[in-house]
There are 4 protein chains.
Amino acid sequence: MDSESREYPGGKKRIIIEAAAKVFSKKGFHKAKIEEIAKEAGIGKGTIYEYFTSKEELFKEMLSSISREYIRVLDFSSHPSAVEQIKEILKQHFNFMGMNKDLARLIIANQNALNGEIRQWFLEQTLEKIYVIEGVLEKGRAAGEFKEDLNVYIAARIIFGSVMALSGAIVHENLSYEGEALVQDLMDLLLNGFNKNNGSVQCG
Amino acid sequence: MDSESREYPGGKKRIIIEAAAKVFSKKGFHKAKIEEIAKEAGIGKGTIYEYFTSKEELFKEMLSSISREYIRVLDFSSHPSAVEQIKEILKQHFNFMGMNKDLARLIIANQNALNGEIRQWFLEQTLEKIYVIEGVLEKGRAAGEFKEDLNVYIAARIIFGSVMALSGAIVHENLSYEGEALVQDLMDLLLNGFNKNNGSVQCG
Amino acid sequence: MDSESREYPGGKKRIIIEAAAKVFSKKGFHKAKIEEIAKEAGIGKGTIYEYFTSKEELFKEMLSSISREYIRVLDFSSHPSAVEQIKEILKQHFNFMGMNKDLARLIIANQNALNGEIRQWFLEQTLEKIYVIEGVLEKGRAAGEFKEDLNVYIAARIIFGSVMALSGAIVHENLSYEGEALVQDLMDLLLNGFNKNNGSVQCG
Amino acid sequence: MDSESREYPGGKKRIIIEAAAKVFSKKGFHKAKIEEIAKEAGIGKGTIYEYFTSKEELFKEMLSSISREYIRVLDFSSHPSAVEQIKEILKQHFNFMGMNKDLARLIIANQNALNGEIRQWFLEQTLEKIYVIEGVLEKGRAAGEFKEDLNVYIAARIIFGSVMALSGAIVHENLSYEGEALVQDLMDLLLNGFNKNNGSVQCG
DNA sequence: CATGAATGAGCGTTCATTCAT
DNA sequence: CATGAATGAACGCTCATTCAT
């Protein structure tokens, strides 16, 4: 409860993670130097090793932290229907991506990059997010919002993949994500498909 | 006309690229060592530099080579409708991914990874593939196969993203891709959406 | 104030430069290995790069350091006449060369060797020394010590060249430089020339 | 006596040496590549090793060859007096240096550079030239052209050093060497010294 | 706890030399 | 003799990690 921790809730660890996020985002995992992170954090190089055992661990903890924050932001439970929840997820996601392009790049870039242990770990993070979507879809299906025979496994991956590809467009091609147009269009395509005579067109 | 050249059409360069594909797939760009690639190719380290000016160039040439092979496989032009063409793309894609899991991992893994120049280059490769899909969609839309107001930009990215996410499932979660079930389900969802009353359910 | 800093004023940098001087002298620029310099200095290879950005920089800084020391030794301004000043320069120079044969070898050896940037730099170092001599000669000429029409440009290069050639004799042929005999003889030849009837022989 | 050897007296070896001279002059010993020399000579890399056992040997043979040519050029024996002979040596030397700046640079640059065995060898080449000068001086002294007590050892090195320093000025500072002015001035200073009242001023 | 000087394993790249053809 | 594809020893430099203070 000293003044330090009041200034920086979470203490040095928080400071380091924020500096790491900034540097890793800008440089990527391999080109980011521990020294630069330390400088960005305004501390000594050795201090980082008081809180993290290695560069990899720092990277992973930073991503966990971001994910946690990201998930925390993804507060969708208050919405009544699965469709609305998914809409909310997409909306929040694109907003997050658009407002944190560097972090977004980092998340997209490391979708499956990196080696060995860390790759596995990352995969699990990704799956976790997919499972959330699967959960929402399953509930929606059970509630009769979707086809009875909806393959939630595939559907969840369609959503996740679409979101990632469009996020890539946002950060790499500067696709505008503002307003709800993007989400609206995406949702319409996901719900009603590419075919004519679907969606708004109802049978007499 | 010696047995060597018969065994390895394309000569040493081909051997090196194949060894590089194997090692890069297993280790990723940064952890892959030139020496290991050389050993894998059964040649001396220096020989690689007779054919490629740098590790980066080797990496890029290898990916180009794979892409070329991959695109070559993607022969879909003979199919009549856009829907059939896309189905064919997906089918061939998943087959390719399932049969070349290491290469698949490499393509997925490097979707957006890597830094600077090489990342830019990779991005362009990816966009190229998306543009192919966009082209097919546009033609299909013009031919009246899809909604008149289909946003091909978003639709292409939905397809690309879905494909990548499901490819990830194939290589990382061992999702079975055999038969046409996966493609059928995916296509159904893409064309008709998640909603009930779409697709197979026809208006009286 | 620990014993370390007392032992090595100037710190690690000084230690490294001294080790570098030793190794570069013995092996020359290209055959000298950074690792050997580090070992000679009793430190780790990486430490050198904490103080110098590259092998070239280390080489140049070492030569600068030697030159500085050498120039510092060349304190001749207190002598009244140009002739005395030049005598003093020569005396000090030969003493320095004789007492630091390794360094001498290095200075002579690299008179014009090395490529590109570093050669240019070395050239400038050499010219600087020649300009000092030119300056002394010009003052002496103005003061009436020499021929009125003395070509100081050529004269300075005669002195510099003679000194280098004789320094080479000292380090390579073990020419004795002790006492003032060498300087005396050299000065006599420079001032009075090879001809008979010059110098001590005065006209009735 | 085949057409080859008629075209190139001395055969391939001569061609290689000439190519080596060109490349070594331009790049220096270390930056010169055997491959480039081979290309310059219009032959295969391996062929060089049919005539020379190593890069070092090629370098030494090339220098020997140049020196031989250079000495051959230095035909001064027909001149009557030692002074005239030395004048002739200087004249020819500066002409040679001025007309072959690249080779000149090479000769000057490698005065004492290079390591170990090759350095020793180079030293001997240099001494050989100095001994020629010493010989001329000694004869001149005996013939009464110079001071009776002329220290030919030092005098020879003064000449050699002066010549090298001025050659450096020619190739590095673009000092003009044309006409006989430079030789004239140099000789005057060497023979009569820097002092006033020497040389042209004759006793009544 | 905090620091940053010191470390050295590790790797991409070069190029003189060899040798099968 | 001639070749040039193949080689691998060698080295400069980086940077994550350690540890004495």
Side-chain angles (χ1 to χ4, degrees), chain A residues 2 4 11-12 16 29-39 41-59, chain B residues 2 4 11-13 15-16 30-39 41-59, chain C residues 2 4 11-13 16 30-39 41-58, chain D residues 2 4 11-12 16 29-39 41-59:
Chain A
D2 57 298
E4 269 283 307
K12 285 250 167 80
I16 295 170
F29 180 77
H30 283 101
K31 297 236 163 151
K33 315 293 172 220
I34 287 288
E35 188 147 27
E36 193 181 347
I37 293 172
K39 213 159 89 182
I43 60 171
K45 205 188 337 181
T47 307
I48 289 178
Y49 286 86
E50 294 287 328
Y51 296 90
F52 305 91
T53 58
S54 70
K55 188 185 179 184
E56 283 216 346
E57 207 213 56
L58 171 56
F59 185 72
Chain B
D2 58 295
E4 271 281 309
K12 281 262 161 70
K13 198 157 182 173
I15 301 177
I16 294 170
H30 284 100
K31 297 239 164 147
K33 314 294 167 221
I34 287 288
E35 190 148 25
E36 192 181 348
I37 294 172
K39 213 157 86 181
I43 59 173
K45 199 182 355 171
T47 306
I48 289 179
Y49 288 88
E50 295 282 326
Y51 296 90
F52 305 91
T53 56
S54 68
K55 188 184 180 184
E56 280 217 349
E57 207 213 56
L58 171 56
F59 185 72
Chain C
D2 58 296
E4 271 281 310
K12 281 264 160 68
K13 198 159 182 174
I16 294 170
H30 283 100
K31 297 238 163 145
K33 315 292 167 225
I34 287 288
E35 191 149 26
E36 192 182 348
I37 293 172
K39 212 157 86 182
I43 60 172
K45 197 184 355 172
T47 307
I48 289 179
Y49 288 89
E50 294 282 326
Y51 296 90
F52 305 91
T53 55
S54 68
K55 189 185 180 184
E56 280 216 349
E57 207 213 56
L58 171 56
Chain D
D2 59 297
E4 269 283 307
K12 285 251 167 81
I16 295 170
F29 180 77
H30 283 100
K31 297 237 164 150
K33 315 292 171 223
I34 287 288
E35 187 148 27
E36 193 182 347
I37 294 172
K39 212 160 89 183
I43 59 171
K45 205 184 344 178
T47 308
I48 289 179
Y49 286 87
E50 294 286 329
Y51 296 91
F52 305 91
T53 58
S54 70
K55 188 186 181 184
E56 283 217 347
E57 208 213 55
L58 171 56
F59 184 72

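These values consider heavy atoms only, across backbone and side chains, with no hydrogens, waters or symmetry-generated copies. Chain letters run A, B, ... following the sequence lines, proteins first and then strands; every chain starts at 1.
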| Looking at side-chain heavy atoms only, is the closest gap between B:Ile15 and B:Ile43 below 4.5 Å? | no
| Canonical and wobble pairing (Watson-Crick, G-U, under 3.5 Å) of DNA chain E, dot-bracket with | | .||||||||||||||||||||
| query | Looking at A:Glu57, A:Glu50, A:Glu56, which one forms a side chain to side chain donor-acceptor pair (under 3.5 Å) with A:Thr53? | reply | A:Glu57
| message | Would you call the rings of D:His30 and C:His30 parallel, tilted or perpendicular, taking 30° and 60° as the class edges? | response | parallel
| query | In Å and rounded to the nearest 0.5 Å, what is the CD to CD1 distance from B:Glu36 to B:Ile34? | reply | 10.5 Å
| How many angstroms lie between atom OH of A:Tyr49 and atom CD1 of A:Ile16, to the nearest 0.5 angstrom? | 11.0 Å
For [X] and [N], what is the distance between atoms [atom1] and [atom2] respectively, to the nearest whole Å?
{"X": "D:Ile16", "N": "F:dT3", "atom1": "CD1", "atom2": "C1'", "value": "13 Å"}
{"X": "C:Lys39", "N": "E:dT7", "atom1": "NZ", "atom2": "P", "value": "14 Å"}
{"X": "C:Glu36", "N": "F:dG12", "atom1": "CD", "atom2": "C1'", "value": "15 Å"}

| Protein-to-nucleotide contact annotation, 5' to 3' order, nucleotides 13-21 of chain E [B base; S sugar-phosphate only; - none; under 4.0 Å, heavy atom] | BBSSBB---
| task | Measure across C:Lys55 and C:Ala32 and return the closest heavy-atom pair with its distance rounded to 0.1 Å. | result |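 Closest pair (atom of C:Lys55, atom of C:Ala32, distance): NZ-O, 2.9 Å.
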| query | Quick check: does any side chain N or O of D:Lys12 sit under 3.5 Å from a backbone N or O of D:Ala41, one acting as donor and the other as acceptor? | reply |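 Checking the backbone N and O of D:Ala41 against the side chain of D:Lys12, no donor-acceptor pair under 3.5 Å is found.
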| message | Please check: side-chain N/O of D:Lys31 versus main-chain N/O of D:Phe29, any donor-acceptor pairing under 3.5 Å? | response | no
| task | Please check the phosphate of E:dA2 (OP1 and OP2 only) for any side-chain N or O of A:Tyr51 closer than 4.0 Å. | result |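 It does, given that an N or O in the side chain of A:Tyr51 lies less than 4.0 Å from OP1 or OP2 of E:dA2.
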